[in-house]
S.K.: 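Here it is: the structure, laid out below.
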Amino acid sequence: MGHSAAVWDYRAATEIIKDWNGIDQVVVRNPQGSSVKVSLHGGQITSWRNEQGEELLFTSSKAIFKPPKAMRGGISICFPQFGNCESSQQHAFARNRTWTIDENPPPLHPNDSHGKSFIDLLLKPSEEDLKFWPHSFELRLRVAIAADGDLALISRVRNINGKPFSFSFGYHTYLSVSDISEVRIEGLETLDFLDNLRQRERFTEQGDAITFESEIDRVYLSSPNVIAVLDHERKRTYVVRKEGLPDVVVWNPWEKKSKSMTDFGAEEFKQMLCVDGAAIERPITLKPGEEWTGRLTLSVVPSSFCSEHFDLQGKSLR
């Protein structure tokens, strides 16, 4: 657990609570009242609230909060494989395992700690995991909330195996929106994407922005480090910044698929949009002893802060 002592009291910043199943969740707060909640089941972010207490992530009213299934909503860690959004549980087992609090993680850049409240989690493979995916690793996750309420996730994968291994990775992120028909994404124009609804056929995005009127399940390739999700009705914009995650998955199940999902309400597709920073097309390969780092930062700004203000070339996350 961590804090910036000059800014914020450690004991007040971090609290461990139990969920409905008795599983530990860590609540991390900043001095202004923003908060993030992370479960030790899957290292899953289950809540991110601004200083007014408004929930910024979507969770289905029908979500199943019972292991081993990952909860439908929040932000889940997809490792060591990120298929489509409904990828099989065993291939993305990190989100179904019990993580531990990492009391003494290897150091990160000072800016990853300064002025932030944070918690560090750790996952190592079980004997069962090694049957599915026979590679020894350490997966670390830092969950941090800054003074301005920005949510930062930093994942580190280290190969402690005797041979190289490859993996894909994603932050499966459910954003809460007012009405999906009033939402657009900027920053992915002209990019190639793989369409999971058409056997992963490759296309080029033609629109000036991505808008929504039917089911979508796409992997946008070689994307910029900053993209914007504009919610016209709420007059606010989610700014998604990422490093080490070249791809972006955009997913909304729409009406027909929603009705077939047992842990998702039939009309809830209108209030959510998944925009996932990911590394999918080109798996990451680590030699023994090597480490990979992927960062995701989510901000919320008024939509008057339009896209011209964003550094689409990739502002540093630190």
Side-chain angles (χ1 to χ4, degrees), residues 21 23-24 38-45 64 66-72 74-108 119-143 153-173 194 196 199-200 217 219 221-222 242-249 251 263 274 276-296:
N21 297 298
I23 295 170
D24 284 347
V38 56
S39 174
L40 295 191
H41 175 60
Q44 184 162 9
I45 310 301
I64 298 168
K66 192 166 186 178
K69 190 171 178 63
M71 181 194 77
R72 175 76 66 184
I75 305 173
S76 57
I77 309 299
C78 294
F79 170 89
Q81 295 183 29
F82 190 117
N84 61 21
C85 290
E86 302 307 306
S87 59
S88 70
Q89 298 291 331
Q90 75 181 47
H91 292 153
F93 59 74
R95 61 182 178 174
N96 302 309
R97 299 297 183 262
T98 299
W99 294 52
T100 58
I101 294 173
D102 194 358
E103 298 285 1
N104 190 28
L108 283 161
I119 186 75
D120 289 288
L121 303 183
L122 173 64
L123 179 69
K124 295 181 180 181
S126 67
E127 292 299 319
E128 194 67 20
D129 296 334
L130 293 170
K131 293 177 185 176
F132 291 126
W133 200 67
H135 305 292
S136 294
F137 66 87
E138 292 176 343
L139 170 53
R140 287 184 161 83
L141 173 66
R142 171 167 292 188
V143 180
L153 305 178
I154 305 171
S155 290
R156 292 182 284 173
V157 178
R158 178 172 290 278
N159 182 351
I160 55 173
N161 213 39
K163 57 185 179 181
F165 63 68
S166 298
F167 64 93
S168 56
F169 187 94
Y171 290 111
H172 189 27
T173 304
L194 305 178
N196 287 321
Q199 290 74 51
R200 292 177 66 83
D217 187 353
V219 182
L221 309 172
S222 302
K242 57 192 180 64
E243 285 181 11
L245 301 163
D247 306 320
V248 171
V249 178
W251 182 69
D263 60 348
C274 285
D276 308 344
I280 298 173
E281 186 194 24
R282 295 184 180 89
I284 298 147
T285 299
L286 294 179
K287 296 175 183 175
E290 286 187 334
E291 185 174 85
W292 166 87
T293 301
R295 287 180 166 83
L296 181 77

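Heads up: numbering here begins at 1 and tracks the sequence.
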S.K.: Does the gap between the ring centers of W133 and F167 come in under 6.0 Å?
M.R.: no
S.K.: Evaluate the side-chain proximity of F93 to P80: yes if any heavy-atom separation is below 4.5 Å, no if none is.
M.R.: yes
S.K.: Minimum heavy-atom separation for G277 to K242, with atom names?
M.R.: CA-CD, 4.2 Å
S.K.: Measure across Y171 and L153 and return the closest heavy-atom pair with its distance rounded to 0.1 Å.
M.R.: OH-O, 3.6 Å
S.K.: When you compare the side chain of M71 with that of S39, does any pair of heavy atoms fall below 4.5 Å?
M.R.: no
S.K.: Between N96 and H41, what is the shortest heavy-atom contact and its length?
M.R.: O-CE1, 3.4 Å
S.K.: So does R72 get a backbone contact from the side chain of D263, meaning a donor-acceptor N/O pair under 3.5 Å?
M.R.: no
S.K.: Keeping the roles fixed (side chain from R142, backbone from S155), state whether a donor-acceptor pair exists under 3.5 Å.
M.R.: no
S.K.: If you look at every heavy atom in P105 and R156, which pair is closest and at what distance?
M.R.: CB-NH2, 3.9 Å
S.K.: Can you spot which of L221, V249, L245 makes a side chain to side chain contact (heavy atoms under 4.5 Å, CB included) with I280?
M.R.: V249
S.K.: What distance do D217 atom CG and L194 atom CG have between them, rounded to the nearest 0.5 Å?
M.R.: 10.5 Å
S.K.: To the closest 0.5 Å, what do you measure between CZ (R295) and CG (L108)?
M.R.: 6.5 Å
S.K.: Nearest 0.5 Å, please: how far is CZ in R158 from CG in L139?
M.R.: 12.5 Å
S.K.: Please report whether the ring centroid of F79 lies less than 6.0 Å from that of F137.
M.R.: yes
S.K.: With sequence neighbours excluded, what pairs up with S222 under the side chain to side chain donor-acceptor pair (under 3.5 Å) test?
M.R.: none
S.K.: Is a side-chain N or O of D276 found less than 3.5 angstrom from the main chain of T173, in a donor-acceptor match?
M.R.: yes
S.K.: Under the side chain to side chain contact (heavy atoms under 4.5 Å, CB included) test against E138, which residue among L122, L123, V157, D102 passes?
M.R.: L122
S.K.: Kindly compute the distance separating CD1 (I284) from OG1 (T293), expressed to the nearest 0.5 Å.
M.R.: 10.0 Å
S.K.: Rounded to the nearest 0.5 Å, how far apart are CG of L141 and CG of D120?
M.R.: 8.0 Å
S.K.: Is there a donor-acceptor pair under 3.5 Å between the side chain of S136 and the backbone N or O of I160?
M.R.: no
S.K.: Between W292 and N159 (side chain of the first, backbone of the second, donor and acceptor by atom type, cut-off under 3.5 Å), is there such a pair?
M.R.: no
S.K.: What distance separates S126 OG from F132 CZ, expressed to the nearest 0.5 Å?
M.R.: 9.0 Å
S.K.: Of the non-hydrogen atoms in H172 and W251, which two are nearest, and what is the gap between them?
M.R.: CE1-CE3, 4.3 Å
S.K.: Minimum heavy-atom separation for P283 and S166, please, with both atom names.
M.R.: CB-CB, 4.3 Å
